Every structure is written in C-alpha cells, then in structure tokens.
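Not measured: the values here are computed from a predicted model. Whatever order the structure lists them in is the order used to number ligands and atoms, beginning at 1.
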Amino acid sequence: MAGTEIFDSAEIKAVTDVIERKMIHRYGSHAVRNGQYRVDEFEDKVKALTGARYALGVSSGTAALIVALKGIGIQPGDEIITTPFTFIATIEAIVALNAVPILGDIDETLSLDAASVERLITPKTRAIMPVHMFGVAADMDRFTALAKKHNIPVIEDACEVVGGTYKGRCLGTLGKCGTWSFDPNKTLTVGEGGIILTDDEAVYLKMEYYHDHGHVHSKAHDRGADAKSGLGVNYRLSEIQGALGLVALDKMPKALGMLRATKKKILDAVAPTGIKPRPMNDEEGDTATHVIFMMPTAEAAKKFQAATKETGCPCAIIAENTWHYAKHWQALEDMGEKDYFGTKTPSYAPATMAASDAILSRAVMFGLNIIMDEASVNQIITAINAGAKAAL
Ligand SMILES: Cc1ncc(COP(=O)(O)O)c(C=O)c1O
C-alpha cells in the first residue's frame, strides 16, 4: 500500500533536480527560476487528470480538509455531518475550526449512509462530509441529491482514494471540494502532501490565500511585494513534494492496475466458496487497496479470523481497527461533555454507533501492496479459503 514501494530512479532524478537548482520554495524567486514551478505543474497535472477547474497543493490531507472547510466558510459551532468509519483526521479538521462533528451511520458499503445524514440535518448543519474509505466510493448520487435538497455543500474526503472514480468521474470532484492525501501510507506518496479539488473560483481563491498567510500570489513581482488578503496559516507544499507528485501521477495508472489485478485474482480464486465481497457503489472505480468480505454474523467473522490466523495470514476485523473507527476514539470523550460553542456534541457516543458496529464487526479485511509476489497472493487466497470453510 505504501507508495514508497514503487520509488525508483525517477523520484531520485526529480528530487535531485530541485536540490541542484536550490529552488525548493513554490513561491517567489521568479527572476532566477527559469519558469520552473514544480507545485504549479503538479496542480496542473491533477487538474488535467481529474477535470477539476482548480487544484491546490497543501502540506497534507489533514491540511487539505482544514483549508477546504475554511474555504467554504465554516464558522465555530457549525455542524458537519460525517462518518464514524474514517481516519481521525476527518474529525480533527472539523474540530480545528471549532466546528462540531456529527457522526452518522455507515451502510453495507462501509460508507456514510445518506439516510442517517438526512436524519441528523439541523439548522446548524453547514456541510456533509462523506469519506471514500479503503479505496471505495461513497454513494455520491445520494449525497449530491441531499446537498441540493437542503442546500448544504458536500466536502468529499477522498484522501484514501487517489485515482478512484464514481460513475466515471474522479473522486474528489463530485462535491463542492474534495481532498486527496499523499502521505507515506497512501498508494501514491510525496512524503507528506495533499491536494484540494474544486470548481468554485471564489472558494479556490479563499483557500489559496488562507493556506499561505493570506498572501495574494503574483509572478509579476517578488514574494515580499505580495499583497495580503487577510490572515492565514502555512500549509504550503514544497517544490520537492511537487516534483515527487509529478512522478507519482505518472505512476498512478500502473500502480492502480497492479492493485486491481491482484484483487481480481484473489476474488476470482475464492468465488467458489460463496463468500460475499463488500458491496460497492461503483466497482469500476475501486482503487483496490483492500480486499474485504462481509460475514453473515460477528461470530462468523471471529471464526473466519481464527482460521486465517492458523494459516499464518490473519485478516483484520474492521470493528477492532482503532485507527479508523470512532468507537475507539476516547480522545473525543471530553468534547462530548463540554458545552461546545453552545452545542453539546455527540461525537463520542459509542451507544449511537450500534448500527455501524453491527456492520463493521462482520467485515473482515486484508490490505494489499502494489507489488506482491505470487506466494503472498496465494497466501491470502489460502487464508480466505480456510476462513470461508470455517465460517460459512
Ligand atoms: C480518510 C482520511 N482522511 C484524511 C487523512 C489525512 O491525510 P494526511 O495523513 O495526509 O494528513 C487520511 C490519512 O490517513 C485519511 O485516511
């Protein structure tokens, strides 16, 4: 899964070039950089690939979420509805703006359930944030319809699905803003980095200024003379990351092709067992980073796990995943007790996660690497066969 797997001389060449030119800042030094702007090129390439009108490189996926929320004007106390099955950065980004995360349920696709979102909409709701988890799209048709009906923007956390699609469109381009991550655990990495996609010029400009101290960037004069639009922060991407990003995008088709081929091989091999793969809103667009099956009951999932362990290739049960499931995030507990900008936030309320728990405790999972030899793939197939025999 980690993108460093596919690092080779192309990354060395790209980084060496930036260092040899001693030009690591994305802004300024216009007179001496011979028109070379790697982050600009990276953003342009992302735009060409996704069809988004605007792309902004930032220092991480977390920064991308924070800047996107700032860009759409989120204020303290605003409510943002998202999923209990995500990486905690989704929640942290909301909290960073002193807004209030409201957690819905997930459905069998393991994505935010639009019906649960509709139940949670209040006059304070200012955004809906579906997260495309473990390589797969959330039900974007339903979120788009919901957004239209209630006039609430959708911010797609697409940090885990770079290159994934929904009905032929790139994930991250279907809402008001979408975010990608290129952190060290993603299929494609630049070390640390993120991208925000949007078609909205006004939102883009707000984000562009905010991510770099409010500067109004211009190539007509040097950085010191840039005008100031207001206050901001520093979530800039460097030219080193931009250069790595260009290589990563070149490698994207091959990397996704390899993951998809491995996943297909595994699913084809275990199909005769009758095991049920995680249902998807769009199988074509799956980035194939994970192989997940839905067991009939939580007990069956435990049996499946025990049998896979015996083969030496244990699966995970997603309900036990402390990184990606809000039930385990005790850190949110304090917030639930605070009167948070006049709103008691129900962020940490495991009792309200029963519906999601019932699904995640039946979901068994194997992660895939981009480069996998035949023996490792066969090991997973053997484990799944053993698990299915024990559990189904
Ligand atoms: C769903 C999701 N959102 C946001 C992030 C944050 O991305 P980053 O690690 O680049 O800050 C991650 C990273 O793991 C993620 O999986």
Side-chain angles (χ1 to χ4, degrees), residues 1-4 39 42 46 55-71 80-97 99 101 103-104 106 109-112 127-138 140 143 154-164 166 171-172 174-175 177-197 207 211 233-238 240-242 244-245 248 286-290 292 316 318 321-326 328-329 331-332 347 356 360 365 367-368:
M1 258 166 76
T4 49
V39 179
F42 180 40
V46 169
L56 177 67
V58 290
S59 53
S60 70
T62 309
L65 291 168
I66 293 171
V67 173
L69 293 176
K70 193 78 185 171
I80 299 177
I81 305 173
T82 188
T83 166
F85 178 47
T86 182
F87 180 56
I88 200 163
T90 315
I91 311 296
E92 288 167 333
I94 297 169
V95 172
L97 294 189
L103 304 185
I106 58 162
T109 69
L110 310 185
S111 301
L112 183 58
I128 300 169
M129 274 176 87
V131 183
H132 308 300
M133 277 301 280
F134 287 7
V136 171
M140 287 310 296
F143 288 114
V154 170
I155 304 295
E156 291 174 79
D157 182 338
C159 284
E160 293 199 1
V161 285
V162 174
Y166 177 80
L171 292 173
L174 293 116
C177 296
T179 61
W180 283 2
S181 164
F182 292 87
D183 81 18
N185 292 317
K186 300 295 182 281
T187 305
L188 302 171
T189 184
V190 302
E192 299 288 356
I195 283 274
I196 314 161
L197 305 167
M207 299 192 299
H211 100 290
V233 286
N234 171 8
Y235 289 138
R236 290 187 305 266
L237 204 60
S238 80
I240 292 178
Q241 292 154 315
L244 285 172
D286 177 14
T287 58
T289 49
H290 296 76
I292 298 174
I318 299 184
N321 182 327
T322 56
W323 276 62
H324 293 111
Y325 180 23
H328 303 289
W329 301 341
L332 295 180
S347 297
S356 300
L360 293 178
M365 181 203 93
L368 298 183

side-chain contact (heavy atoms from CB on, under 4.5 Å) partners of Ala63, counting only residues at least two apart | Val58, Ser59, Ser60, Tyr235

Side chain to side chain contact (heavy atoms under 4.5 Å, CB included) between Phe182 and Gln241, intermediate numbers included = CA-CA 9 Å; Phe182 292 87; Gln241 292 154 315; over 6 Å; no

For ligand 1, protein residues within the heavy-atom limit of under 4.0 Å are Ser60, Gly61, Thr62, Leu65, Thr86, Phe87, Ala89, Thr90, Val131, Asp157, Cys159, Glu160, Ser181, Asp183, Lys186

Output all residues satisfying side-chain contact (heavy atoms from CB on, under 4.5 Å) with Val46, sequence neighbours left out; order by chain, then residue number.
-> Phe42, Thr50, Ala55, Trp180, Ile195, Leu197, Leu249

On the 0 to 90° scale, with breaks at 30° and 60°, tag the Phe87-Trp323 ring pair as parallel, tilted or perpendicular.
-> parallel

Keeping to residues at least two apart or across chains, list the side chain to side chain donor-acceptor pair (under 3.5 Å) pairs with something in residues 84-94.
-> Thr86-Thr90, Thr90-Asp157

May I ask you to check whether His132 and Tyr166 place their ring centres under 6.0 Å from each other?
-> no

